[in-house]
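Start at 1 with the first residue, then count along the sequence. All of these numbers come straight from a predicted model, not from anything done at the bench.
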Amino acid sequence: MALLEMNFDSQVLGLSLGANIIVPEHPAAWQEPPAVLYLLHGLSDDNTIWCRRTAIERYANRYNLAIVMPDAYKSFYSDMKHGSDYWTFFADELPMLVRRWFKFSEDPKRTFIAGISMGGYGAIKLALGRPGQYAAAASLSGALDLAAHVHDEWDECRLRTFRAAFGSMELISGSANDLIGQLRKLDTVPDTAFYVCCGTEDFLYRDSVTFRDLATEKGLHLTYEEAVAAHKWDYWDRSIQRVLEWLPLEDLAQP
């Protein structure tokens, strides 16, 4: 695998940002354009975190899988109330730029998205909002029910983050940023396969359980797993390996 560290300009965001990109090197990967996974970071992280906290490059090598790890700052992958249009960037501009730069697959059946915490929220949000764009979406300890946390006690730094992204926590319920609300309104079951996992000691555990129960009721193609774990990288390092095993990549795996 090759690891690329990129800096580029976004017209949608009006700023320069970074991305780490894993590119397959094995000749078998290029018999056809390689499948691609967009891998999203959490609230306190950046585009470097997956490479710093896990062995994602080594894990991806088995599958000849391209992985795009972009910076999202503290956007919650939203068109921010006081900030930039990160939803539009991730849904539209970033895939267009990746297609322009690399000969990765453009087939939705070979395009996936996953993330931790805020990134788990972003992955599910993008998959629900663009149901034909990703074959599979995975949330690792995702903030999947933000509206349920409206009365939680947050420090001033987090409150400023929520105000910038959403205006206020009170405005999330019933909006496009409310994943549980969006799921309740779902009329057609998307073809997307969903994977949700969380540690039982995680402060976001109930978010995953709520999503699991409603997704099951709605008939989503859902794989759910939990383990005794907290909101920690040792759990996510194990979990991302399980996500890669779960993705429909059997035809790409190396012996």
Would you call K185 and D178 a salt bridge, taking side-chain N to carboxylate O under 4.0 Å as the test? no
Would you say [Y] ends up clustered with [X] if hydrophobic residues are merged whenever their side chains have heavy atoms under 4.5 Å apart, either directly or through other cluster members?
X    : Y    : answer
V12  : L15  : yes
L13  : M96  : yes
L159 : L171 : no

If I compare all heavy atoms of [X] with all of [Y], which pair ends up nearest, and what's the gap?
X    : Y    : result
Q182 : A176 : NE2-CA, 3.6 Å
A127 : T192 : CB-CG2, 4.3 Å
S75  : M118 : N-SD, 4.3 Å
A91  : P95  : O-CG, 3.8 Å
F112 : A135 : CE2-CB, 3.8 Å
I49  : H41  : CG2-CB, 3.8 Å

Please verify the inter-ring angle class for Y195 with W246; under 30° counts as parallel, over 60° as perpendicular, anything in between as tilted. tilted
Give me the ring orientation class for F76 and F166: parallel if the planes are under 30° apart, tilted from 30 to 60°, perpendicular past 60°. tilted
Would you check if the side chain of [X] reaches a backbone N or O of [Y] as a donor-acceptor pair within less than 3.5 Å?
X    : Y    : answer
R212 : L222 : no
T161 : C157 : yes
Y235 : C198 : yes
E170 : A147 : no

Could you give the distance from [atom1] ([X]) to [atom2] ([Y]), rounded to the nearest 0.5 Å?
X    : Y   : atom1 : atom2 : answer
L126 : L94 : CG    : CG    : 9.5 Å
M6   : M69 : CE    : CE    : 12.0 Å
N64  : E25 : CG    : CD    : 10.0 Å
N47  : D71 : CG    : CG    : 4.5 Å
F8   : S16 : CZ    : OG    : 8.0 Å
C51  : R58 : SG    : CZ    : 12.5 Å

Begin with the C-alpha distance, continue with both residues' side-chain angles, and end with the deciding distance and a verdict on side chain to side chain contact (heavy atoms under 4.5 Å, CB included) for I240 and I116. CA-CA 9 Å; I240 192 59; I116 56 161; over 6 Å; no
Side chains of [X] and [Y]: closer than 4.5 Å at any heavy-atom pair?
X    : Y    : value
L179 : L183 : no
P24  : L65  : no
F104 : T111 : no
W50  : N20  : no
K125 : S78  : yes
D145 : F211 : no
L146 : N177 : no
F89  : L17  : yes

Any side-chain donor paired with an acceptor under 3.5 Å for [X] and [Y]?
X    : Y    : value
T88  : D79  : yes
S10  : E93  : yes
S141 : W236 : yes
D191 : H221 : no
S105 : D107 : no

Within a 6.0 Å radius of atom CG on D92, are there more than 12 heavy atoms belonging to other residues, nucleotides or ligands? yes
How about H151: does its NE2 atom have over 12 heavy atoms from other parts shown lying under 6.0 Å from it? no
Ring pair (Phe, Tyr, Trp, His ring centres under 6.0 Å), paired with Y77, selected from W87, Y121, F90, Y86: F90
Only one of S117, S208, C197 forms a side-chain contact (heavy atoms from CB on, under 4.5 Å) with L140, so which one is it? C197
Does the side chain to side chain contact (heavy atoms under 4.5 Å, CB included) test come out yes or no for L204 and H149, once each step is laid out? CA-CA 9 Å; L204 293 175; H149 296 281; 3.7 Å; yes
Passes side chain to side chain contact (heavy atoms under 4.5 Å, CB included), V189 versus K218? Steps please. CA-CA 7 Å; V189 177; K218 287 289 186 177; 5.7 Å; no
With R52, the salt bridge (Lys or Arg N to Asp or Glu O under 4.0 Å) member among D45, D46, D237: D46
Applying salt bridge (charged side-chain N to carboxylate O under 4.0 Å, His left out) to E156 and not counting sequence neighbours gives R163
Evaluate L4 against V23 for side chain to side chain contact (heavy atoms under 4.5 Å, CB included), listing each step before the verdict. CA-CA 8 Å; L4 309 182; V23 180; 3.8 Å; yes
